[in-house]
Amino acid sequence: MINKVVSNVKVAIQDIKDGDTLMLGGFGLCGIPENCIAALVEKGVMKLTCISNNAGVDDFGIGLMLQKRQVKKMISSYVGENAEFERQLLSGELEVDLIPQGTLATRCMAAGYGMPAIFTPAGVGTEVAEGKEVRNFNGKDYLMEYAFNADFAIVKAWKGDTAGNLIYRSTSRNFNPVMAMAGKVTIAEVEILVEVGELDPDHIHTPGVYVHRIFQGSNYEKRIEQKTLSVKS
Amino acid sequence: MINKVVSNVKVAIQDIKDGDTLMLGGFGLCGIPENCIAALVEKGVMKLTCISNNAGVDDFGIGLMLQKRQVKKMISSYVGENAEFERQLLSGELEVDLIPQGTLATRCMAAGYGMPAIFTPAGVGTEVAEGKEVRNFNGKDYLMEYAFNADFAIVKAWKGDTAGNLIYRSTSRNFNPVMAMAGKVTIAEVEILVEVGELDPDHIHTPGVYVHRIFQGSNYEKRIEQKTLSVKS
Amino acid sequence: MLDKNGIAKRIAKEIKDGYYVNLGIGIPTLVANYIPSGINIVLQSENGLLGMGPFPYDGEEDADLINAGKQTITTVPGSSIFDSAMSFGMIRSQKIDLTILGAMEVSENGDIANWKIPGKMVKGMGGAMDLVASAKNIIVAMQHINKAGESKLLPSCTLPLTGVRCIKKVVTELAVLDILPGGGFKLIERAPGVSVDFIRASTLGKLFSENSVPEMNLD
Amino acid sequence: MLDKNGIAKRIAKEIKDGYYVNLGIGIPTLVANYIPSGINIVLQSENGLLGMGPFPYDGEEDADLINAGKQTITTVPGSSIFDSAMSFGMIRSQKIDLTILGAMEVSENGDIANWKIPGKMVKGMGGAMDLVASAKNIIVAMQHINKAGESKLLPSCTLPLTGVRCIKKVVTELAVLDILPGGGFKLIERAPGVSVDFIRASTLGKLFSENSVPEMNLD
């Protein structure tokens, strides 16, 4: 087996530079690569294009990178819950490309599956379709959408082994597996790093071939965005 | 949860009729739906189009259906190891569409993912490309290939629950998950059928939404095609 | 006139045994509380879950288990987890029988707008564009009239579209309306105590109705 | 002149530490026996496995665990299982560093034919067309001369193609040859005791060689 372990988050992100395109896993604040985001903020790398379903909240997740004006462009499907984001967008400091969530996921998958483009009905007849090729199959219109091209994919998994195999926990899986497949370089942070042989081959979500660097993360806050509860009756 | 259990294999395949298109999971004889194949042979349904990576061997797997001349057309990537197959092909009794294995898998996936067509470089410049649209992306040529349209997908899993969730074992997974997603009606036979709640939601390979009927199979032979051994030194 | 829970209660009657259902944020989420007993359905959450259960009890919430509205939730026995690509794969391949979502505007030919107010609101479409472009059966749950007192059922949408000719049914605080294949809102039911004339006055798009329109049965 | 194991042994020297490798049926399978020590690689089998190990001992074979040649195999620690769509996804997206496969014919511009003899053999292409259309680095392992005594290294293939302009290197019982970007076989190494003239006489396609061509080192 090929060992993908790097000693820490600084080493993992050391060659990310100004102007790079990054994919960042997670849905809302669930399953985001907290350690890598913190290190990117500390490193102060600028003019990034970030492909991520959401943009975090003001003081957590990608919101921390927005506060330091590190992001030139966001490619996302939903960017609510973030006042600083809205300010930068309305002032023109931040470029934003809003695309349907399924299109976002499928353009990641297309990259990982070596498919240069895919067809989706999402956005036909809307402003999302502007400038895009529309094609009819079996009486229904589809947009042709291109695979993403990202310098780095940064994902968070629950468990990983030294060969880069990853297992996600519950709905923190979300975009992480499709982004892990899609980066030119894929960096994985995990809550629990184990030796090869400790994970069941049948239950690996992301095979290690897709992962270039893996490290054991620390101090996960795992902030909850909307704590909603049932009341015991 | 929605209960997908049918009492036995006869009920599971009862509405498969002459002329239908079937997807059949498995790679070689590994992970094939043995119970359903036996029941299709007994039922004697004819003029089938079968989408399956292989065509079994003379006396097992889809080979049993070939012996009874139930198959009008095979869509496969590799059909060696089957003399009766070759005889029917050379005599013109059997239509055969040979397509690259990755194209076969991806055309199944396309159906399950609601993508009407995909692009693949496999077969560009070969007779596989005849009559197909070629499109260049980033300097490389790709063929446009269409999603499959199958009346029934018939798959074999290791474990399943009453809601139709499936878990495959080792390399018997192969085409089963992508075909399970792709059938208008998907029939799953499993070695072990359990109640809902007994499978870990994080480790389900095929979510039950894709499965219309599930039953507990029996008497699995699981024949080995090429028994290759290491000698203890 | 119905409150939000009344709208949710009425929509719940559209859900049939064996349905896989995707519920949007807002009123649609409330529908889960009114599923008739004896009806087995499965809730899909497009962030990657089939088999969404109720909110957790205090202390049992799990940051790794949320729905598409980022709310803490639970799972029911038989649930399954998958990634975002598979989630929208099953949406596009029409494995979800019913989608219920909110809207800012619906037009008489079934167009919907619910993701953007130019110059004012730019939250994004999330999964709504995929859902409305793919689902076989889409019901909109919304107020008939917006806060400025204007009808949200229009001849054509004024806001940027989420999808075209995709909405089949609208349930509001005033009425249940089908979108006719040839265009126009067909008044199916009135909310208790609401007159056809009031509904007509509140609907800017073309409205068709029979002479007698029944009141909703919410039991 | 090399036997099959000799060809496999020579090809094994092309494998670098950290490679993910796909081995075809026949001679390529033998390459696994000659991986230099200290080199960590991972074998991919396109039926859905990364981390293929040796054949099992008698009594330990598992019908559910086979390779793309349908042979019973084992896994190594750190292996992973996936479905056929993901398997070819990682092949198409060039995550596999090296593909080694057999051929019936290779042309001087890197075309390969290995799946069909019209009127005689119709086994099918399996995964070969996907592999040759996608892989960054493809080595062909084959006999230089077929059973009828004809060269298999040709100006252009006579059999139906598997892929075009995709082969980078050919290793035979006689020689190691690179395919030049502009076309033609470049003789890189001779098998022990085999002369350049003999190789030239055995190669129908354009052959280039330096004045002095080294013998292979098989240690």
Side-chain angles (χ1 to χ4, degrees), chain A residues 27-31 53-54 76-81 85-86 89-90 96 98-106 108-110 112 120-128 140-142 158 168-179 205 220-232, chain C residues 29 45-49 52-75 79 81-89 91-92 111 113 115-116 118-134 160-166:
Chain A
F27 184 97
L29 302 179
C30 181
N53 190 57
N54 312 91
S76 303
S77 87
Y78 189 84
V79 292
E81 356 296 358
F85 181 96
E86 204 154 1
L89 172 60
L90 295 173
V96 178
L98 288 173
I99 63 179
Q101 192 174 141
T103 303
L104 185 70
T106 313
C108 293
M109 185 182 78
T120 175
V124 168
T126 76
E127 64 179 57
V128 163
K140 182 166 179 161
D141 283 338
Y142 294 81
W158 177 48
Y168 307 91
R169 184 172 173 277
S170 199
T171 60
S172 73
R173 191 183 316 184
N174 56 64
F175 282 85
N176 284 299
V178 287
M179 289 183 169
H205 297 127
Y220 284 100
E221 179 178 338
K222 298 221 247 178
R223 195 187 291 187
I224 290 174
E225 207 161 337
Q226 306 266 0
K227 184 163 161 177
T228 42
L229 301 172
S230 289
V231 179
K232 276 187 185 164
Chain C
T29 302
S45 191
E46 68 265 26
N47 56 318
L49 168 64
M52 180 165 63
F55 298 138
Y57 292 122
D58 196 9
E60 292 171 12
E61 68 276 11
D62 177 350
D64 288 338
L65 181 53
I66 64 170
N67 65 14
K70 284 105 182 176
Q71 298 171 311
T72 48
I73 47 152
T74 58
T75 59
S79 68
I81 301 285
F82 35 84
D83 66 40
S84 299
M86 182 180 266
S87 182
F88 285 92
I91 286 167
R92 278 195 307 267
D111 296 352
W115 73 283
K116 187 180 187 181
K120 278 176 89 175
M121 191 278 285
V122 282
K123 290 186 186 300
M125 67 289 282
M129 280 196 182
D130 308 271
L131 283 159
V132 300
S134 305
L161 295 180
T162 306
V164 295
R165 296 181 178 280
C166 52

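Letters A, B, ... mirror the listed sequences (proteins, then strands); counts begin at 1.
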Heavy-atom pairs under 4.5 Å with chain A, option from [options] with the top count:
{"options": "C/Ser79, C/Gly127, C/Gly126", "answer": "C/Gly126"}
{"options": "C/Gly48, C/Pro56, C/Ser87", "answer": "C/Pro56"}
{"options": "C/Val164, C/Ile66, C/Thr75", "answer": "C/Ile66"}

Rounded to the nearest 0.5 Å, how far apart are [atom1] of [X] and [atom2] of [Y]?
{"X": "C/Asp130", "Y": "C/Met125", "atom1": "CG", "atom2": "CE", "result": "9.0 Å"}
{"X": "C/Gln71", "Y": "A/Leu229", "atom1": "CD", "atom2": "CG", "result": "10.5 Å"}
{"X": "A/Lys222", "Y": "A/Arg169", "atom1": "NZ", "atom2": "CZ", "result": "5.5 Å"}
{"X": "C/Asp64", "Y": "A/Thr171", "atom1": "CG", "atom2": "OG1", "result": "7.0 Å"}
{"X": "C/Met129", "Y": "A/Ile99", "atom1": "CE", "atom2": "CD1", "result": "11.0 Å"}
{"X": "A/Leu29", "Y": "A/Gln226", "atom1": "CG", "atom2": "CD", "result": "10.0 Å"}

Does any backbone or side-chain atom of [X] lie under 4.5 Å from a heavy atom of chain A? Answer side chain, backbone, both or neither.
{"X": "C/Ser45", "result": "neither"}
{"X": "C/Asn67", "result": "backbone"}
{"X": "C/Phe88", "result": "side chain"}
{"X": "C/Ala68", "result": "both"}

Tell me, side chain or backbone of [X] under 4.5 Å from chain C's heavy atoms, or both, or neither?
{"X": "A/Val124", "answer": "backbone"}
{"X": "A/Ser76", "answer": "neither"}
{"X": "A/Val231", "answer": "backbone"}

Notebook entry, point to check: Quick one: does C/Glu61's side chain have a donor or acceptor within less than 3.5 Å of a partner on C/Gly59's backbone?
Noted result: yes
Check: Under a 4.5 Å heavy-atom cutoff, which of A/Pro177, A/Ser172, A/Ser170 has the most pairs with chain C?
Finding: A/Ser170
Margin query: Apply side chain to side chain contact (heavy atoms under 4.5 Å, CB included) to residues A/Thr126 and C/Thr162 and explain how you reach the verdict.
Written below: CA-CA 6 Å; A/Thr126 76; C/Thr162 306; 5.7 Å; no
